[in-house]
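Accompanying notes for the structure given below.
Counting starts at 1 for both ligands and their atoms, in listed order. The figures that follow rest on heavy atoms only: side chains count, while hydrogens, waters and symmetry mates do not. As the structure is a prediction and not an experimental result, all values here were calculated from the model.
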Amino acid sequence: MLQIFSDTGIVEGELQPLVNWHNNTQEVLDAAREGPGEQGRPHYLGPGLEKKRDDLYYTNGFNALLSDDIALDRSLKDIRHPKCKTKLYSAKLPTVSIVIPFFEEHWTTLLRTVVSVVKHSPRHLLKEIILVDDGSTIKDFLKDPLDNWLKEHVPIAKVIRLPSRVGLIVARQEGAKAATADTIVVLDSHCEVMVNWLPPLLDPIVVNYRTAVCPLIDVINKDTFAYSPQDNGARGAFDWRLYYKRLPLTDKDNNLLPEPFENPIMNGGLFAISRKFFWELGGYDPGLAIWGGEQYDLSFKIWQCGGRMLDAPCSRVGHVFRGAPKGRPSVKGDFLSKNYKRVAVVWMDEYAEALYRRNPHLREVDAGDVSRELEIRERLQCKSFKWYLENVAPDLVKRYPPVEPPDYANGTIKSVASPTLCLDNGSKEYGPIIIHTLKMAVCDNNKVEQKWIFSFTNTKLIQDQYPHFPKSRDTL
Ligand code: UDP
Ligand code: MN
């Protein structure tokens with residue numbers, strides 16, 4: 001099986017000596033750094049810059065002016081699980097092509113992504129950094145100045161330019177086509193990676209090349225650029241509107257932390273995968289337009305077609321979770337519904353019905369030609385969606401059942417002491433209880449404010465906050 005990792009000649013699954021991959025010199029130098037945003041601390045702009053700040057905020061959805069104050073190679077406090085510092089990884093790891101699509105990205109956030117990757121990756125593993133310009137038109141610095149800067153400072157980086165905007169999915173795919181290393185690592189264009197982020201992503205791929213590994217994603221605050229954890233990790237999931245959800249780690253996962261744990265759905269755009277496996281799967285469905293649904297496409301395909309997906313808590317990557325950028329070219333049409341429909345018809349079998357019941361308009365949406373995807377599914381003898389749910393995320397259907405059980409109860413809630421008084425929500429809005437308007441009021445059968453539904457979903461919401469709340473209808 002030598003051809004899998006042909007760059008390095010690593011043999012899949014071969015027992016290897018384990019070594020410490022930390023760059024100790026770099027870590028000592030970083031610990032001594034001071035200045036704006038150093039150690040991942042929040043930074044604040046001086047007075048008089050409000051207009052400039054607001055203009056740049058408007059087009060980027062984050063405080064881009066403040067980003068310009070912070071060194072491209074700033075230091076970050078090591079916030080990993082303490083055991084990560086001493087964890088050892090295979091002595092030989094595969095080479096990496098980093099793929100970063102960007103659309104109208106800000107100069108310093110884009111370059112900081114590139115610089116942090118170079119700074120924190122072992123030089124001999126980093127074969128190339130492929131930036132994919134997804135048809136940006138409004139920022140001239142993303143053209144020649146970017147090429148020139150990279151030529152001078154990061155010669156292993158290059159830019160592929162797409163003639164017009166195709167969206168992040170096809171842009172990633174174009175980057176992956178140009179990749180030549182044994183593995184592909186995809187990042188967003190406003191990220192920063194943390195010390196020793198790469199070996200934890202690559203090590204599980206050496207054991208089994210049909211593996212995708214995701215880092216733990218941290219938050220780079222969009223106003224101050226402070227670097228902080230989102231949480232200690234969770235398993236990705238979805239509800240039946242295909243909203244991304246998170247499930248807790250299993251007890252076994254928790255006990256084994258910071259070992260990698262199985263993840264049903266990747267969190268979005270940050271992952272590592274062997275190049276061979278990515279292309280065996282046909283990459284992303286190229287019929288997915290612009291943005292959205294691609295994490296389901298790839299996650300379902302990886303699991304159903306004989307692969308596995310892990311989260312590696314010792315690999316951490318910060319991401320600027322931004323607000324919606326404004327004033328940039330927008331795309332017409334409901335591309336998201338079409339993307340979801342494609343994912344549903346290709347991978348979800350009879351469970352697609354659960355989506356259509358909640359989003360009836362999806363029934364009418366034209367998925368377009370999915371023959372390429374169905375052919376891949378057939379050729380790889382991929383398993384059913386039922387198999388995926390039962391084996392990869394058995395707790396998903398308990399929390400998000402495809403068919404919700406009937407309401408446990410509905411009607412009015414009367415006071416036992418004063419039966420003429422009823423619980424009154426104080427609002428006609430259908431939705432969560434509004435605590436500050438909640439009151440006891442004279443019972444009135446016609447008032448919607450006094451109609452209560454005790455549904456499956458409500459119970460789950462309450463259970464999240466009150467773990468001792470009865471878990472089934474019988475004990476209510
Ligand atoms: N992107 C792109 N083309 C698009 C939209 C986004 O290349 O049409 C890039 C974007 O620059 C970023 C990545 O794809 O590197 C993810 O997009 P974004 O950050 O807007 O998504 P979010 O992280 O907010 O979900
Ligand atoms: Mn992003």
Side-chain angles (χ1 to χ4, degrees), residues 57-64 67 98-114 116-117 129-139 141-143 146 157 159-178 184-193 214-223 225 227 230 236 238 242-246 265-271 283-284 286-299 317-336 338-340:
Y57 208 115
Y58 184 79
T59 48
N60 291 289
F62 55 78
N63 197 343
S67 167
I98 307 274
V99 172
I100 306 173
F102 68 86
F103 178 64
E104 313 292 7
E105 184 60 65
H106 185 64
W107 177 252
T108 49
T109 41
L110 179 61
L111 296 188
R112 194 173 296 111
T113 308
V114 173
S116 90
V117 164
I129 300 176
I130 301 167
L131 301 173
V132 187
D133 178 356
D134 184 17
S136 307
T137 54
I138 58 176
K139 296 176 179 177
F141 58 74
L142 292 174
K143 306 299 172 189
L146 176 62
V159 187
I160 295 176
R161 292 212 158 71
L162 305 179
S164 60
R165 185 183 183 190
V166 286
L168 75 97
I169 304 154
V170 177
R172 279 184 196 152
Q173 194 99 313
E174 290 302 315
K177 280 184 196 163
I184 296 169
V185 174
V186 177
L187 295 177
D188 259 27
S189 49
H190 30 253
C191 288
E192 286 172 67
V193 304
C214 303
L216 217 148
I217 302 179
D218 292 321
V219 180
I220 302 172
N221 185 290
K222 64 185 191 308
D223 297 305
F225 275 59
Y227 191 104
Q230 189 174 182
F238 56 88
L242 287 185
Y243 291 143
Y244 177 77
K245 299 283 172 189
R246 285 159 81 82
I265 298 286
M266 65 168 64
N267 192 335
L270 317 181
F271 63 95
Y284 284 115
L288 299 176
I290 305 294
W291 180 97
E294 80 283 359
Q295 77 275 44
Y296 301 123
D297 172 64
L298 195 54
S299 305
V317 177
H319 171 251
V320 183
F321 290 87
R322 57 175 165 184
K326 313 252 167 52
R328 60 186 211 180
S330 61
V331 188
K332 293 199 177 59
D334 184 5
F335 54 85
L336 194 59
K338 184 173 177 192
N339 289 357
Y340 284 174

Atom 22 (P) of ligand 1: which of W291, F321, F102 has the nearest heavy atom? W291
Is a side-chain N or O of E192 found less than 3.5 angstrom from the main chain of R112, in a donor-acceptor match? no
D133 side chain to S136 backbone, donor-acceptor under 3.5 Å: yes
Is W291 atom CH2 crowded by more than 12 heavy atoms from other residues, nucleotides or ligands, each under 6.0 Å away? no
Judged on heavy-atom distance to atom 15 (O) of ligand 1, which of S136, G269, S189 sits nearest? S189
Using only atom types and a distance under 3.5 Å, with no angle test, would you say the side chain of K222 pairs donor to acceptor with the backbone of R322? no
Is any side-chain heavy atom of N267 closer than 4.5 Å to one of C214? no
Ignoring hydrogens and angles, state whether a donor on the side chain of S67 or T108 is under 3.5 Å from an acceptor on the partner side chain. yes
Among side-chain atoms of D218 and Y227, is any donor-acceptor pair under 3.5 angstrom? yes
Can an N or O of F103 be found at a distance shorter than 3.5 Å from an N or O of ligand 1? yes
Under a 4.0 Å heavy-atom limit, does D134 contact ligand 1 with its side chain, its backbone, both, or neither? side chain
With a cutoff of 4.0 Å, is R172 in contact with ligand 1, counting heavy atoms of the residue only? no
Polar proximity ligand 1 side, R165 side, N/O cut 3.5 Å exclusive: yes
Can you tell me if, anywhere in H190, an N/O/S atom lies at a distance from the Mn ion (ligand 2) that is smaller than 2.8 Å? yes
One finds that the ligand 1 atoms under 4.0 Å from a non-hydrogen atom of R322 are 18 (P), 19 (O), 20 (O)
What orientation do F141 and H106 show, parallel under 30°, tilted 30 to 60°, or perpendicular over 60°? perpendicular
Looking at D188, pick out the N, O or S atom nearest to the Mn ion (ligand 2) and give its name. OD2
Any nitrogen or oxygen of L187, main chain or side chain, under 3.5 Å from a nitrogen or oxygen of ligand 1? no
Output the atom name for the N/O/S atom of H319 with the smallest distance to the Mn ion (ligand 2). NE2
Backbone N or O of G292 within a donor-acceptor pair of the E294 side chain at under 3.5 Å? yes
Suppose I only count heavy atoms of H190 and a 4.0 Å limit; which atoms of ligand 1 are within that range? 19 (O)
H319 neighbourhood, listing ligand 1 atoms whose heavy-atom distance to it stays under 4.0 Å: 23 (O)
